Asks: 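Got a structure here, written out as structure tokens. Questions coming.
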Number of protein chains: 2
Amino acid sequence: MAAKGGGAQGKGPQWQAGSVPSLQQADSEPALSIERIVATAVELLDAEGVDGLKMRRLADRLGAGAMSLYWHVDNKEEVFDLALDSVLEYRGPPQGIEAADWRGAIFHMLEDWRASMLGHPWSASLLPRRALGPNILSRLELLGRILSGAGVAEADLNGAIWSLWNYVIGATITRANFDLSDDDMAAAQQRLAHLSEKYPTIERARLLLDNDWDGAFRKGLDFLLDGLVPRQ
Amino acid sequence: MAAKGGGAQGKGPQWQAGSVPSLQQADSEPALSIERIVATAVELLDAEGVDGLKMRRLADRLGAGAMSLYWHVDNKEEVFDLALDSVLEYRGPPQGIEAADWRGAIFHMLEDWRASMLGHPWSASLLPRRALGPNILSRLELLGRILSGAGVAEADLNGAIWSLWNYVIGATITRANFDLSDDDMAAAQQRLAHLSEKYPTIERARLLLDNDWDGAFRKGLDFLLDGLVPRQ
DNA sequence: ACCTGAACACCGTTCAAGT
DNA sequence: ACCTGAACACCGTTCAAGT
């Protein structure tokens with residue numbers, strides 16, 4: 001407390017989008033800024049995973065002294081919050097989708113969401129633990145609007161939104177984690193095979209090996225929507 | 001490597017259940033054992049959360065020297081693995097459920113699973129990152145067997161199992177995290193209300209406040225099962 | 001076989017100080 | 001306003017040593 005300026009700077013997450021970065025020094029590294037910090041944090045997370053993000057390493061990558069970050073950011077948690085939300089922006093449906101096609105709109109948004117998270121495998125597990133940033137809130141807002149327009153009753157809206165959220169989060173976290181370690185998966189299946197007397201069904205199903213993640217995701221989503229949105 | 005004995009001891013997770021603990025000293029603390037370590041780790045995790053589990057504190061609680069744990073366990077990760085699986089044992093359906101009632105059997109197992117994880121709020125987020133222990137595998141095996149008996153085709157078994165896994169994991173992780181911080185939730189909703197021009201739909205839905213988590217979980221599960229298991 | 005304290009190599013963060 | 005190095009209070013883990 002009172003360690004830094006005391007203005008609006010450095011107090012909680014900065015959700016401002018795209019404010020033009022100030023003039024950069026012509027010669028060496030550009031000045032530190034929230035934008036550069038967040039972008040570099042995402043790079044580091046992509047390259048090394050959640051445990052790879054250390055404040056000192058982040059500062060290093062930015063060509064800054066180890067402790068310079070703490071003027072721009074309260075703590076490491078805030079770096080996570082900002083990196084997470086920065087990766088979840090939604091640019092909207094492509095031109096091909098009709099306004100009336102609520103199912104297509106939902107599919108596009110949720111599959112895009114899942115793809116964004118799989119593109120940054122650290123992000124999915126982080127999402128449920130962190131505050132809801134503006135990009136996430138926008139997606140939820142859009143989801144609610146589409147569902148509402150598709151005929152979901154006001155009283156059911158909450159349950160419907162969370163059911164879809166839960167499904168997407170669960171599917172993506174699971175996939176992202178199994179994705180990270182193909183070797184581990186094969187090893188696990190190996191161990192399974194060794195115990196096939198105890199787990200014959202999942203051994204037979206080749207649970208860890210043959211799953212069509214993308215197809216299963218779409219199929220389950222279809223079923224959920226069938227239930228959540230009443231036929232008209 | 002080669003720091004410890006070299007026998008079967010301390011090499012990877014010990015999934016042995018209920019081997020009788022050896023004689024305890026009559027006077028002070030009982031001897032260290034995997035069972036005591038795991039049980040105490042669960043206590044500590046329940047009381048202080050994932051970040052509260054430190055090797056030194058765990059040893060303290062056990063009345064042992066700080067480094068004694070490392071003879072029984074390879075590292076902290078193994079403590080997590082063991083604590084996690086120890087909390088996920090399934091004792092089977094109650095007497096009331098008929099053998100033919102596959103839907104009731106699935107509901108019971110999955111709701112029990114969810115309840116177990118909510119009873120140890122650190123467990124849900126840990127599960128997708130860790131190896132699949134025997135208790136988890138048993139649940140998956142049971143799930144596969146029931147689905148298979150209910151008429152799910154061999155080729156669809158994988159997708160069905162993972163869809164349900166994803167749904168349960170997603171729902172529980174979300175719930176466990178929001179559960180941990182009622183204040184945060186109210187604060188978040190406060191911030192939302194302040195921005196209700198930007199997020200009118202989710203503001204109107206009182207997204208964070210009025211959700212009936214248990215009801216929504218059952219409903220979504222119903223819809224998924226409707227889709228996954230063909231009508232006969 | 002089982003337990004231990006000292007010591008190492010980190011990390012996040014504070015602080016007083018620089019420009 | 002912005003950046004910095006030294007220093008503090010931790011942690012997980014190794015190691016050589018005890019019984």
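On a predicted model such as this, the values are computed, not experimentally measured, just so you know. Letters A, B, ... mirror the listed sequences (proteins, then strands); counts begin at 1.
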Asks: Any side-chain N or O of His72(B) below 4.0 angstrom from OP1/OP2 of dC3(C)?
Replies: yes
Asks: Can you tell me how far P of dA1(C) sits from CD1 of Ile34(B), to the nearest Å?
Replies: 16 Å
Asks: Scan Leu53(B) against the nucleic acid and name what it touches under 4.0 Å (heavy atoms): base, sugar-phosphate only, or nothing.
Replies: sugar-phosphate
Asks: For the residue pair Arg175(B) and Phe217(B), would you count it as a cation-pi contact if the rule is NZ or CZ under 6.0 angstrom from the ring centre and within 45 degrees of the ring axis?
Replies: no
Asks: Between P on dC3(C) and CG on Leu62(B), what's the gap in Å once rounded to a whole number?
Replies: 10 Å
Asks: State, to 0.1 Å, how close Leu224(B) and Gly220(A) come at their nearest heavy-atom pair, and which atoms those are.
Replies: CD2-O, 3.7 Å
Asks: Which stems, defined as runs of 3 or more consecutive Watson-Crick or G-U wobble pairs with both pairing distances under 3.5 Å, involve DNA chain C?
Replies: C:4-8 with D:12-16, C:12-16 with D:4-8
Asks: Could you give the OH-to-C1' distance, from Tyr70(B) to dC15(D), as a whole number of Å?
Replies: 13 Å
Asks: Which nucleotide in the list dT4(D), dT13(C), dA1(C) gets nearest to the side chain of Trp71(B)?
Replies: dA1(C)
Asks: Roughly how far apart are Leu221(B) CG and Leu164(B) CG, rounded to 0.5 Å?
Replies: 6.5 Å
Asks: What integer distance in Å separates Arg36(B):CZ from dC2(C):C1'?
Replies: 14 Å
Asks: Please determine whether side chain to side chain contact (heavy atoms under 4.5 Å, CB included) holds for the pair Leu88(B) and Leu127(B), giving the CA-CA distance in whole Å, both sets of side-chain angles, and the decisive distance to 0.1 Å.
Replies: CA-CA 10 Å; Leu88(B) 296 175; Leu127(B) 180 52; 4.2 Å; yes
Asks: Check the distance between dG12(C)'s P and Asp51(A)'s CG and give it to me in whole angstrom.
Replies: 10 Å
Asks: Scan Leu58(A) against the nucleic acid and name what it touches under 4.0 Å (heavy atoms): base, sugar-phosphate only, or nothing.
Replies: nothing
Asks: Taking only the side-chain heavy atoms of Ser68(B) (C-beta and beyond), determine which of dC11(D), dT4(C), dT13(C) contains the nearest atom.
Replies: dT4(C)
Asks: What heavy-atom pair brings His108(A) and Gly92(A) nearest, and what distance separates the two atoms?
Replies: CE1-O, 3.6 Å
Asks: What nucleotide, of dT14(D), dA6(D), dC3(D), holds the atom closest to the side chain of Met67(A)?
Replies: dA6(D)
Asks: Run the numbers on Asn158(B) and Asn211(A) for side-chain hydrogen bond (donor to acceptor under 3.5 Å, both in side chains), then give the verdict.
Replies: CA-CA 6 Å; Asn158(B) 243 339; Asn211(A) 194 39; 4.7 Å; no
Asks: Apply the test side-chain hydrogen bond (donor to acceptor under 3.5 Å, both in side chains) to residues Thr174(B) and Trp165(A): give CA-CA distance (whole Å), side-chain angles for both, the deciding distance (0.1 Å), then the verdict.
Replies: CA-CA 9 Å; Thr174(B) 301; Trp165(A) 160 287; 2.8 Å; yes
Asks: Pick base, sugar-phosphate or nothing for Met55(A), based on heavy-atom distances below 4.0 Å to the nucleic acid.
Replies: sugar-phosphate
Asks: Both Leu32(B) and Arg56(B) contact DNA chain C. Which one's nearest nucleotide lies toward the 5' end?
Replies: Leu32(B)
